[in-house]
Amino acid sequence: MNIDRETFIAWMERIMDRFEMADKKIERLTTQRNCLDGEQLLDNQDLMFLLKVSLRTLQRYRAKGILPYIKLDDGRCYYKASDVHKLIRKRF
């Protein structure tokens with residue numbers, strides 16, 4: 001199957017437009033963080049990496065009231081960045 005030059009160029013332009021749209025969406029997703037009232041929220045993975053603690057330690061912090069958290073209906077826990085900074089200043 002042969003196509004003429006104009007058809008090929010038109011298809012390539014459409015493909016490039018799609019790539020640009022996908023690139024913009026990816027950029028928006030990578031720069032957008034979980035936020036609540038304009039404040040960044042951290043999940044368990046983020047916090048375990050940041051504090052270099054285990055999941056069990058985070059559970060202990062939650063149970064003892066050391067670290068305030070927000071629990072979603074599906075069981076995931078999130079922590080406000082300001083609360084984490086307070087914990088770091090206070091404990092570490």
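Distance CG/D83 to CD1/I88: 11.0 Å, rounded to 0.5 Å. Here K80 contributes atom NZ and K86 contributes atom NZ; the two are 8.5 Å apart, rounded to the nearest 0.5 Å. If you take CG on L42 and CG on L67, they are separated by 9.5 Å, rounding to the nearest 0.5 Å. Separation of atoms CG (L41) and CG (L47) is listed at 11.5 Å; rounding is to 0.5 Å. Rounding to the nearest 0.5 angstrom, the gap separating the CD1 atom in I9 from the CZ atom in R14 is 14.5 Å. Interatomic distance, OG1 of T57 versus NZ of K52, reported as 14.0 Å (0.5 Å rounding).
With sequence neighbours excluded, the residues forming a side chain to side chain donor-acceptor pair (under 3.5 Å) with R76 are D74, Y78, listed by chain and number. D4 pairs by the side chain to side chain donor-acceptor pair (under 3.5 Å) definition with T7, not counting sequence neighbours.
Residues R62 and Q59 have side chains in contact (heavy-atom distance under 4.5 Å, counting atoms from C-beta outward).
Checked options L87, D43, N44, L50; the residue passing with Y79 is N44 (criterion: side-chain contact (heavy atoms from CB on, under 4.5 Å)).
Follow the hydrophobic side-chain contacts under 4.5 Å out from L58 and you never reach F49; the two are in separate clusters. Tracing side-chain contacts under 4.5 Å through hydrophobic residues (I, L, V, M, F, W, Y), one reaches M12 starting from I3; they form part of the same cluster.
Closest of all the heavy-atom pairs between M48 and S54 is SD-C, 3.8 Å.
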